[in-house]
Protein chains: 2
Amino acid sequence: MGTRRRGEELERAILHAAAEELRESGYSGMTMDRVAARAGTNKNAIYRRWPHRAALGIAAYRHLSDATMPNPDTGTLRSDALEMLRRANETWSSPHGAILRGLLAAAADDPELLTLMRERSGADTMDRAWLAMLERAAARGEALAAAAHHRVATTPMMLLRAEYAMRGIPSVPDEVLVEIVDEVFLPLVRGRG
Amino acid sequence: MGTRRRGEELERAILHAAAEELRESGYSGMTMDRVAARAGTNKNAIYRRWPHRAALGIAAYRHLSDATMPNPDTGTLRSDALEMLRRANETWSSPHGAILRGLLAAAADDPELLTLMRERSGADTMDRAWLAMLERAAARGEALAAAAHHRVATTPMMLLRAEYAMRGIPSVPDEVLVEIVDEVFLPLVRGRG
DNA sequence: CCCTATAGGGTACGCGACGTACCTTACGAG
DNA sequence: CTCGTAAGGTACGTCGCGTACCCTATAGGG
């Protein structure tokens, strides 16, 4: 039979198949047998590359989106912050986010996998974006300079994340985002009164 | 053969066995067969009471601790808050907390189970304690009255939770707790400057 | 231009664990 | 005493992971 795929090419095929399975069935529904079948290969080829299902899942996840949106810069801190939260909320509540949550749950026991995930999910990039946003706001006089602190900058996203963990999930209502911004973030960075 | 346990008694035996398994092997290591064996019964008796492993795990979890500590009231908001966070950190990083995390991960997909867990893990009680703490502080003039808001009160615990989710876990260093209090919580409730 | 090491393909299987089916046996309420 | 209900015993069906073997194509060096 004609051509047999190898190396790079086969690897991409496997990742592609795994990503499709993730999209259709989520992480818990992604089985090794089905990935292999879909990629038109067999489990051997997979296990030669990734030590277990979780590793493949994480590797495949990056194939689902490398979309990096530009940072919002609307002119006011409040709407920048809301925009960031809304984007995150959309991402997390999309089917896409469901997969990410499945992966997170699977990796929760294993610190090694967790760091792998953090790298691939662009959390650090996001944090830097918030910090930059705060610095711009401070320059405009909308926030205290002291507030341009890592812990402060990451607070809104942390709260959103925790909100997801608390609820069953699908999506956090917009009111919650507004509340995070108006009751916590803004009072925190500009000082009350 | 002598006496055959029934109803209440058997149920307690099963829960006890499940709790022991949880303690020794965590949730992912708690198998139905072993729980049944340890309780000196069989899986039938279990499945007649709980529909699946997760439900049993959650039910058994409450057998591990009903310890309800009194709320701290040290006289200053800062040390009250730190005390609360430290207690939570100890609980979460104990073997006990490992089990809870396992359960949470298992329940992450299923909103029904999640609400079950929230009820049994006393999260609501904790939230009320924070709110009470804030109100006392406001009465002493240590915090703005406007800060006695649900979202504000739950912020430190949310941040701690998210911190756990981000790292691999075992334990959050004390500096982080201090930072949450000094960089976020206190500035937020007392207003900067 | 052939030959051999390497990697892919096919397939079967061991194993652990969940959940179910079915029958037998004690218990206790009437 | 009897009979329905619940417990005990056991065996399975099913799935999915990870592994073992053996065969076959293909690349790359001699």
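Every chain is numbered from 1 and lettered A, B, ... according to where its sequence line falls, protein lines coming before strand lines.
With respect to the salt-bridge test (charged N to carboxylate O, under 4.0 angstrom), the residues E163(B) and R151(A) qualify.
Protein atom CD of E21(B) is 11 Å distant from nucleotide atom P of dA17(C), rounded to whole Å. Atom pair M30(A):CE and dC15(D):C1' shows a separation of 15 Å (rounding to whole Å applied). Whole-Å rounding puts the E9(A) CD to dA25(D) P distance at 17 Å. For the pair R4(B) CZ and dT5(D) C1', the interatomic distance rounds to 11 Å; values are reported in whole Å.
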key: Audit row: R34(B), E21(B), salt bridge (charged side-chain N to carboxylate O under 4.0 Å, His left out) steps and yes/no   = CA-CA 8 Å; R34(B) 285 182 37 208; E21(B) 286 292 325; 2.9 Å; yes
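In the region residues 31-51 of chain B, proximity to DNA chain C at under 4.0 angstrom, judged on heavy atoms, holds for T31(B), M32(B), D33(B), K43(B), N44(B), Y47(B).
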Can I get a per-line list of side-chain donor-acceptor pairs under 3.5 Å for residues 128-138 of chain A, giving both atom names and the distance, sequence neighbours left out?
{"from": "R136(A)", "atom 1": "NE", "to": "D73(A)", "atom 2": "OD1", "distance (Å)": "3.4"}
{"from": "R136(A)", "atom 1": "NH2", "to": "P72(A)", "atom 2": "O", "distance (Å)": "3.1"}
{"from": "R136(A)", "atom 1": "NH2", "to": "D80(A)", "atom 2": "OD2", "distance (Å)": "3.4"}

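Side-chain atoms of V189(B) and E142(B), non-hydrogen and from C-beta on, never get closer than 4.5 Å to each other. Annotation: side chain of V184(B) is not in contact with side chain of H149(A) (no heavy-atom distance under 4.5 Å).
Between dC18(C), dG9(C), dA7(D), one nucleotide has an atom nearer to the side chain of L10(A) than all others, and that is dG9(C).
With Y27(B) as the aromatic partner, R53(B) meets the cation-pi criteria of under 6.0 angstrom to the ring centre and within 45 degrees of the ring axis.
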